[in-house]
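Computed from a prediction, not measured in an experiment: that's the story for all the values here. Read the numbers this way: they start at 1 and go in the same order the structure lists the ligands and their atoms.
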Amino acid sequence: MGPPPRPRIDALNYQELRELHDLPFFELLSRARAVHVEHWPERDVQLCTLLSVKTGKCPEDCSYCAQSVRFDTPVEEQPLMDVEAVRQEAILAQEKGAQRFCMGAGWRSPKDPVEFEQVLDMVREVKAMGMEACVTLGMLSKEQALQLRDAGLTAYNHNLDTSEEFYPEVITTRRYEDRLDTLRNVAEAGVGICSGGILGLGESVDDRLKMLETLGALPAVPQSIPINQLVPIPGTPLAEQQGIHPFDVVRMIAVTRMAFPQTRIRLSAGRESLSDEAQALAFFAGANSVFYGDRLLTTDNNAEDQDRALIESLGLQVETTVVEPNSIQGSEV
Ligand code: SAM
Ligand code: DTB
Ligand code: SF4
């Protein structure tokens, strides 16, 4: 194994992010669009399908989550799925056009070695089908990250969710530093980082931008950044939280695109609350991936036929092969 990856020297700091964020809306959008077109095939949208492979009874107290054992939520608990059942779901997703398969488990961290081995098999099966494979299993040791790398994992999803300052308002059963430790383990194992946040938890714009600053200071540039909007879950402390304005979602996507030109930006949970027009702006601003399929982990997602119709009406196209940003392919001089 080589030396651990180093932090970026060109990452934007909070002040620089704030200046971009506060630009007049159209100026921000056109600058983000220019960065996007320079680095990515401009019509491509990657479809990712999510599957909850183990649902509910999670000991953590994340105040947005349907799976926490501490809240009385309308969730159907499910133990770890069989590898074959997961493979069948991945086949269905691929047939429908998904190119990445993301598997989530309601765990604080993978504890049982037999179950972890089962997840490694799921990763191997998905990779064997030629899809990108992503898992989100909670906190990870270095050894577990290495095992996931050896199974061929494309990226590990572990969201920072918000700023370090706001984090204790949302989750008290772990520290921000625990999140960062896992992301360092993932980076050092050579697995791609998928890490982003949730908008609409009651945070300030500063919290959102500080989260981006922290993502930029990680030892490896994230391979993908999911931008979720809170999906309010009945029974959780955030059940009655007001949604945020779609322009704020678009602004966040645009700033993320400018700060991370080569990172895939996923317009993630909460897309159901966005109109077609707002989604179009988000794609324009640099989002180039969505969760596709009728379900997220425990909640509904946009209908598949509506997503296909939207992509077609905008003259966008579903990515069919694994695409890297242009500069990685060497086409940028
Ligand atoms: N238990 C693991 C963990 O927390 O890292 C993995 C599963 S967890 C459900 C994955 C991510 O989904 C969370 O980090 C959070 O960002 C997002 N998420 C969970 N519930 C959400 C909700 N109601 N609305 C938006 N995003 C949510
Ligand atoms: C991410 O950033 N969003 C996904 C995925 N990573 C695992 C999860 C969204 C969950 C939305 C609420 C639910 O369905 O429970
Ligand atoms: Fe558990 Fe993850 Fe939900 Fe937090 S977000 S309660 S760790 S499943």
Side-chain angles (χ1 to χ4, degrees), residues 48-71 73-78 80 100-111 119 133-140 144 155-162 167 170-176 178-183 185-186 193-203 208 211 215 222-241 243-244 249 256 264-273 287 289-302:
C48 311
T49 295
L50 264 176
L51 178 66
S52 184
V53 296
K54 183 264 161 183
T55 313
K57 287 197 181 148
C58 179
E60 302 275 52
D61 71 351
C62 311
S63 53
Y64 47 74
C65 189
Q67 299 194 59
S68 168
V69 79
R70 292 156 198 255
F71 318 129
T73 59
V75 77
E76 208 174 303
E77 287 159 5
Q78 182 199 50
L80 189 63
R100 179 171 173 121
F101 198 65
C102 311
M103 295 164 276
W107 282 333
R108 173 175 164 81
S109 62
K111 278 210 205 76
V119 173
C134 182
V135 291
T136 180
L137 314 170
M139 290 183 264
L140 220 57
Q144 288 169 328
Y156 189 76
N157 170 244
H158 200 65
N159 290 337
L160 288 181
D161 282 343
T162 188
Y167 202 74
V170 185
I171 297 150
T172 68
T173 48
R174 56 173 185 255
R175 295 165 312 137
Y176 207 66
D178 297 324
R179 282 321 249 189
L180 293 172
D181 280 347
T182 291
L183 290 173
N185 289 340
V186 169
I193 288 177
C194 171
S195 185
I198 308 181
L199 310 181
L201 299 168
E203 76 288 350
R208 295 174 197 158
M211 177 189 80
L215 287 174
Q223 189 257 355
S224 60
I225 298 184
I227 302 292
N228 298 277
Q229 283 172 265
L230 174 72
V231 180
I233 311 281
T236 62
L238 293 175
E240 303 300 329
Q241 189 71 27
I244 68 168
V249 179
T256 308
R264 205 176 266 289
I265 301 177
R266 187 162 304 114
L267 183 57
S268 301
R271 201 160 53 82
E272 263 198 317
S273 73
S289 175
V290 289
F291 285 129
Y292 177 73
D294 296 343
R295 292 290 280 172
L296 293 166
L297 292 177
T298 68
T299 62
D300 286 343
N301 191 27
N302 306 49

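- Using a 3.5 Å distance cut-off with no hydrogens or angles, the side chains of Y64 and D161 do pair a donor with an acceptor.
- Heavy atoms of E60 come nearer than 4.0 angstrom to ligand 1 in no pair at all.
- Of all the heavy atoms of T136, the ones lying under 4.0 Å from any atom of ligand 1 are found in both the backbone and the side chain.
- The protein atom (non-hydrogen) at minimum distance from atom 3 (Fe) of ligand 3 is C65 SG, 2.3 Å.
- Interface of R174 with ligand 3, defined as ligand atoms under 4.0 Å from a residue heavy atom, comprises 7 (S).
- Ranking the protein heavy atoms by distance from atom 4 (Fe) of ligand 3 puts C62 SG, 2.2 Å first.
- Contacts of I233 with ligand 1, taken as heavy-atom pairs under 4.0 Å, involve the side chain alone.
- Neither the backbone nor the side chain of M139 has a heavy atom within less than 4.0 Å of ligand 3.
- The parts of L297 lying near ligand 2 are both backbone and side chain, judged by heavy-atom distances below 4.0 Å.
- Every atom of ligand 3 with a heavy atom of Y64 under 4.0 Å away is listed here by number and element: 5 (S).
- With respect to atom 8 (S) of ligand 3, the closest heavy atom belonging to the protein is G106 CA, 3.6 Å.
- Summary of contacts: the protein heavy atom closest to atom 12 (O) of ligand 1 is N159 ND2, 4.4 Å.
- The two residues P59 and T173 have their closest heavy-atom pair at O-CG2, 4.4 Å.
- Considering backbone and side-chain atoms together, W107 places an N or O closer than 3.5 Å to an N or O of ligand 1.
- In terms of protein heavy-atom proximity, atom 26 (N) of ligand 1 is nearest to I198 CD1, 3.5 Å.
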